[in-house]
Amino acid sequence: MLPMLLTGLETPQNKAWFILFYEANKTRLYRYALALLHDPTQAEDALQNAWLSCVQHAETFFQVPANKRLAWMRVVVKNAAFSLHNKETRYTALDPDWDLPAQDDSGHRDIVEIIRAMPPQYRSILELKFVLEWSDQAIASHLGLSPGTVRTRIWRGRKLLQETLVEEGYQP
């Protein structure tokens with residue numbers, strides 16, 4: 001695979017220098033990636049990404065003095081390892097017990113039924129607000145009430161609904 005990647009290096013001399021650097025440091029850099037990630041497969045992936053990045057930015061690689069290329073490459077490996085680690089941790093598996101069984105709702109009335117059984121002054125406002133999702137202003141103009149009256153009735157209706165739900169056995 002390395003010879004295919006080396007097509008980005010312009011001269012045969014650059015290819016030769018790069019191959020020498022690769023052969024001399026591949027094991028050391030793999031151990032470094034393994035120490036960072038603690039997983040051989042991820043370490044190999046991170047190292048492969050680092051070498052690919054190095055070839056893609058060959059001009060930078062050759063601008064770095066020869067005695068500092070290993071340190072530069074360690075930074076490239078570290079960045080590739082952290083990038084891979086961040087990508088892997090973004091998709092963590094869910095706990096198998098995350099979805100708890102639904103409560104047994106036998107004996108509970110439907111919430112809509114409870115709203116419909118409320119006094120008319122609260123019932124119509126709560127239906128418009130929470131079932132049809134109308135704004136307070138739209139409810140006020142539809143019912144011929146002031147916005148303040150609508151807000152008060154929504155607050156009192158919600159309070160009455162909460163009390164009724166607790167009486168019915170719903171958990172707050």
>> If you compare all heavy atoms of V76 against all heavy atoms of A50, which two are closest, and at what distance to 0.1 Å?
In response: CG1-O, 3.6 Å

> Shared ILVMFWY cluster between L132 and I154, side chains joined below 4.5 angstrom?
Replying inline: yes

> What residues, two or more places apart in sequence or in another chain, satisfy side chain to side chain donor-acceptor pair (under 3.5 Å) together with K159?
Replying inline: none

> Who pairs with R28 by side chain to side chain donor-acceptor pair (under 3.5 Å), at least two apart in sequence or on another chain?
Replying inline: N25

> Which residue pairs pass the side chain to side chain donor-acceptor pair (under 3.5 Å) test with at least one member in residues 143-158, sequence neighbours excluded?
Replying inline: S146-T149

> With side chains defined as the heavy atoms from C-beta onward, is the minimum distance between L29 and W51 less than 4.5 Å?
Replying inline: yes

>> Parallel, tilted or perpendicular: which one describes the rings of Y22 and F18, with boundaries at 30° and 60°?
In response: parallel

>> Side chains of I139 and P147, heavy atoms from C-beta outward: is any pair under 4.5 Å?
In response: no

>> Looking at F61, I'd like to know if the NZ or CZ of R69 sits under 6.0 Å from its six-membered ring centre while staying within 45 degrees of the ring's axis.
In response: yes

> Can you name the closest pair of heavy atoms from Y122 and L160 and give their distance?
Replying inline: CD1-CD2, 4.0 Å

> If every non-hydrogen atom of R123 is compared with every non-hydrogen atom of M118, which pair is closest and at what distance?
Replying inline: NH1-O, 3.4 Å

> Distance-only, no hydrogens or angles: does the S53 side chain make a donor-acceptor pair with backbone N or O of N49 under 3.5 Å?
Replying inline: no

> Any idea which heavy atoms bring W72 and C54 closest together, and the distance?
Replying inline: CZ3-SG, 3.7 Å

> Can you name the closest pair of heavy atoms from D39 and L34 and give their distance?
Replying inline: C-CD1, 3.7 Å

>> Please find the pair of heavy atoms, one from A81 and one from L37, that lie closest to each other, and give the distance.
In response: O-CD2, 3.6 Å

